[in-house]
Amino acid sequence: MMELSSVVKSTASRVDRNTIDGIIKLARGVGMFATKWLGLLVGMALCCCTVAPAAEIEKIDLPGIDVPLISLRGPIEQGDGEKFSKLAEGLNRASVILKSPGGLVKEALQIGATIRMSGFSTMVAADQECFSACGLIWVSGVRRYMSDTSLIGFHAAYREENGEYRESGVANAEIGSYLTHLGLRIEAIRYFTTAGPNDFLLLTPERARVLGIETYKVDGGNITTPSANPTVDVYADRFVWYSLLQSRCAPFLQPDRAAVKRAHEAAFAEGNKLVGADKWIELWTPLLDEVNSDLAKKGALLLCIETEAHLRGQGQLTGVDGPSFSCAAAATSTELSLCRQPELWSKDRAMNSIYMWIRNNVEKSVRKRLLEVQRRWLRDRNDCGGDASCLNAVYDQRLNELRAIDLPS
């Protein structure tokens, strides 16, 4: 009989229906599972009501579920890293369901590295425990699932000497390096390694947002995605990009300034609310330095095109709601294609802004030569007809040639 006790309460008397529902939805990606398979899962779970004395790692294939489940239960001991790696061989994706009191850091980091490199998801179900080294495995998932009642706890790595527990500087350094490679910032790393060997700092979905750890919050059959509940790091990112959009990018893209201002203020307010004024300033200030560095490397024109695409890719309003002309008057196949392709709008606006600035501000003899080049480019663009890939290539080539231009505010 396959074991699924990592997705149920560790009592034989009852099974958390919300836990089962959440894992089914996780496995399938959408919707709820058929009733007969739900009954099968509950029956299988009831057969497994105790935590194993050592980690039990097994792959579970269920009919109708495309994503394999890997169950890891019990203490993480010597050899579990290799055991997990062998089990994961050949899997393009999987969901790893965790229930463990922790164990050996080295083995947990090996398991976590396999999970991250393989692109697996991780989950700690409602009311289930994942402590110490297990938490390091959970945070390695490319998608991390938890609920408000998931018990995910962290403390510093330690070793036992003469019956006493002492922190292991080497192990904590390895953990810090590992978490840095996962992309976590220093506050999260400190949170993971601060508590003493007999204590735990529990992670909640809200605390994860503050620490910059993206999670999928499971509530029965419902899942709240990171995009619907962003981390403070996302708000800091948006705040800085909207700052750029309002200033250096406005002459190129001619965005709806009122819309950009509202989005800019909203990002600031949400980030400030999550962490408080002092920490909020600490988060977004270094990002401004990165933007200034990118401006020096790429130039304002190309960085502004990237900025608009970045925000639009997050589903955010950018104030760029069409090309440089009115789509109501679009007549040619090229114009109609431009109106249908949002990724071309900022490029077309930038090209038009540059054209108008050259026409109105450059000395006559130089202006004539530049405008001739621009008209030849327009002919090349129109030769693309409605081919969006051709249009993107033509715009990108010309914008790269003009990258040194920086229009005044």
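What you are looking at is a predicted structure, and each value in this text was computed from that prediction instead of being measured.
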Non-neighbouring partners of Arg367 that pass salt bridge (charged side-chain N to carboxylate O under 4.0 Å, His left out), sequence neighbours left out: none
Pair Ser71-Glu58, side-chain donor/acceptor within less than 3.5 Å: no
Side-chain H-bond candidate by donor/acceptor type, Asp127 with Thr149, under 3.5 Å: yes
Please determine whether the number of non-hydrogen atoms from other residues, nucleotides or ligands lying under 6.0 Å from atom NZ of Lys106 exceeds 12. no
If you count every heavy atom of other residues, nucleotides or ligands that lies below 6.0 Å from Leu344 atom CG, does the total exceed 12? yes
Point-to-point distance, once rounded to the nearest 0.5 Å, from OH of Tyr191 to CD1 of Ile213: 9.0 Å
Would you check if there is a donor-acceptor pair between the side chains of Ser147 and Ser150 at a distance under 3.5 Å? yes
Indicate, with yes or no, if the rings of Phe154 and Phe200 have centres closer together than 6.0 Å. no
Determine whether Asp406 and Arg248 satisfy the following criterion, salt bridge (charged side-chain N to carboxylate O under 4.0 Å, His left out), listing intermediate values before the conclusion. CA-CA 8 Å; Asp406 191 359; Arg248 300 291 290 276; 2.5 Å; yes
Just checking Asn361: does its CG atom have more than 12 heavy atoms from other residues, nucleotides or ligands closer to it than 6.0 angstrom? yes
So, Tyr395 versus Trp377, ring centres under 6.0 angstrom or not? yes
Do the side-chain N and O atoms of Ser95 and Tyr145 include a donor-acceptor pair separated by under 3.5 angstrom? no
Using side-chain heavy atoms (C-beta onward) and a distance below 4.5 Å, is Tyr158 in contact with Ser168? no
May I ask you to check whether over 12 heavy atoms, not counting those of Asp289, lie within 6.0 Å of atom CG? yes
To the nearest 0.5 angstrom, please state how far the CD atom of Glu82 sits from the CD atom of Gln110. 6.0 Å
Atom CZ of Arg185 and atom CG of Leu182: how far apart are they, to the nearest 0.5 Å? 14.5 Å
With no hydrogens and no angle check, just 3.5 Å: does a side-chain donor-acceptor pair link Ser227 and Thr225? yes
Is Arg143 atom CZ crowded by more than 12 heavy atoms from other residues, nucleotides or ligands, each under 6.0 Å away? no
Asn222-Lys217 side chain donor-acceptor pair, cut-off 3.5 Å: no
Would you kindly say whether Asn172 and Thr193 are connected by a side-chain donor-acceptor distance under 3.5 Å? no
